[in-house]
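Just so it is clear: chains get the letters A, B, ... in the order the sequence lines come, proteins before strands, and each one is counted from 1.
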Protein chains: 2
Amino acid sequence: MLSRASKYAILSTLYLAEHASKEKKMSVKAIANSINVPSPFLAKLFQQLVKCNIISSTKGPNGGFYLTIENENKTVCDIIEEIDGTNKLDDCFLGLAKCDGNNPCPVHFIVEPFKKKIFGKFRDQTIKEFANEVEAQGSVLFLSGLAVKK
Amino acid sequence: MLSRASKYAILSTLYLAEHASKEKKMSVKAIANSINVPSPFLAKLFQQLVKCNIISSTKGPNGGFYLTIENENKTVCDIIEEIDGTNKLDDCFLGLAKCDGNNPCPVHFIVEPFKKKIFGKFRDQTIKEFANEVEAQGSVLFLSGLAVKK
DNA sequence: AAAATAAAAGATAAAAAGGTCTTTTAATAA
DNA sequence: TTATTAAAAGACCTTTTTATCTTTTATTTT
């Protein structure tokens, strides 16, 4: 459904929202280590995310990545659209080119409500809001097996 | 979530359940054309499905693929496990190695009920039952855009 | 200004997924 | 029993995804 790249991008952006700021920028390596993602790959991803204004960066000593207010108002949908292209998320679960209520695939009516729900969340909630929720719920952002509750 | 191979396998097995029988076997090409799937690729898949006893085949004139009673009692889960390996379906939506109620990813509690539902269907319903439902609902099995209601 | 730091850029490599083609084998109908 | 048909088997190719490495550029601190 989502590419690994998208997953990395979502997790690391949420991580930035929670742990970085203009005053406390984070390097790729620090983030990659924290959430357990290959750092050169994440570096490439971050370039892309900076370019499309989903995250921000500065070079040099004490440089790194962080989110501006504008960045914080982006959505997870923006990330997915940037990385995976327009809405891989909305593809038919069984791969039909045209799957809808009139032309339903065999699992359409099971998948549809789920898609509406998660899609709604990804579209309507800002990164900042999402990150706050993640923090409140104690959700995990670490890919590795040994995730520890904060 | 599912590989394309799994999707092809599911659709074509349901198609076989609906359209073929021991008396009316179907060739790869016929099925591939019907549901709009590359036929050499489907041929490979079918070999695998025959080997693990999810579908049946005979060679020669009037040969082709069909389902036995035993085949009809397999499940979609059996297909997925055979093609994608054990339960790619159950992987965390955001890629966490260990994602559960205690260690939830940021969307765990949205994804979990959906997984339970679709997973249950795929596990508890036989191919035959599923195919009957598909027929009753008039669901579409054709990948191409121009699917036509039967 | 010089040294150090960290991202940007881009070339490259490895792995997985998706797809095709050719030869062999088995079954059956003529 | 021969010709034909259709699957089985396996080699091979292409594209996409994932991952790495090296060089350049910008910033900042000393």
Legend entry - Salt bridge A:Glu133-A:Lys121, side-chain N to carboxylate O under 4.0 Å: yes
Inset, instruction - Please state whether the rings of B:Phe122 and A:Phe93 are parallel, tilted or perpendicular, taking 30° and 60° as the class boundaries. - result: tilted
Inset, instruction - Applying side-chain contact (heavy atoms from CB on, under 4.5 Å) between B:Phe130 and each of B:Asn132, B:Val134, B:Thr126, B:Ile127, report the one that passes. - result: B:Val134
Legend entry - Side-chain touch B:Thr13/B:Lys74, heavy atoms, less than 4.5 angstrom: no
For [X] and [N], give me the distance from atom [atom1] to atom [atom2], rounded to whole Å.
{"X": "B:Phe65", "N": "D:dA6", "atom1": "CZ", "atom2": "C1'", "answer": "8 Å"}
{"X": "B:Lys44", "N": "C:dA17", "atom1": "NZ", "atom2": "C1'", "answer": "15 Å"}
{"X": "A:Arg4", "N": "C:dA16", "atom1": "CZ", "atom2": "P", "answer": "9 Å"}
{"X": "B:Leu16", "N": "D:dA6", "atom1": "CG", "atom2": "C1'", "answer": "15 Å"}
{"X": "A:Lys59", "N": "D:dA26", "atom1": "NZ", "atom2": "P", "answer": "5 Å"}
{"X": "A:Tyr66", "N": "D:dT27", "atom1": "OH", "atom2": "P", "answer": "11 Å"}
{"X": "B:Phe41", "N": "C:dA16", "atom1": "CZ", "atom2": "C1'", "answer": "12 Å"}
{"X": "B:Leu49", "N": "D:dA7", "atom1": "CG", "atom2": "P", "answer": "14 Å"}

Inset, instruction - On DNA chain C, check which nucleotide each of A:Lys29 and B:Leu2 is closest to and give me the residue with the more 5' one. - result: A:Lys29
Reckon [X] touches a base, only the sugar-phosphate, or nothing at all at heavy-atom distances under 4.0 Å?
{"X": "A:Ala5", "answer": "sugar-phosphate"}
{"X": "B:Lys7", "answer": "nothing"}
{"X": "A:Pro38", "answer": "sugar-phosphate"}
{"X": "B:Ser3", "answer": "sugar-phosphate"}

I want to check one thing: is the phosphate of [N], taken as OP1 and OP2, less than 4.0 Å away from some side-chain N or O of [X]?
{"X": "A:Tyr8", "N": "D:dA19", "value": "yes"}
{"X": "B:Ser57", "N": "D:dA8", "value": "yes"}
{"X": "B:Asn62", "N": "C:dA27", "value": "no"}

Legend entry - First of A:Asp84 and B:Pro61 reached from the 5' end of DNA chain D, by closest nucleotide: B:Pro61
Legend entry - A:Lys25 to A:Tyr66 six-membered ring, cation-pi geometry met (6.0 Å, 45°): yes
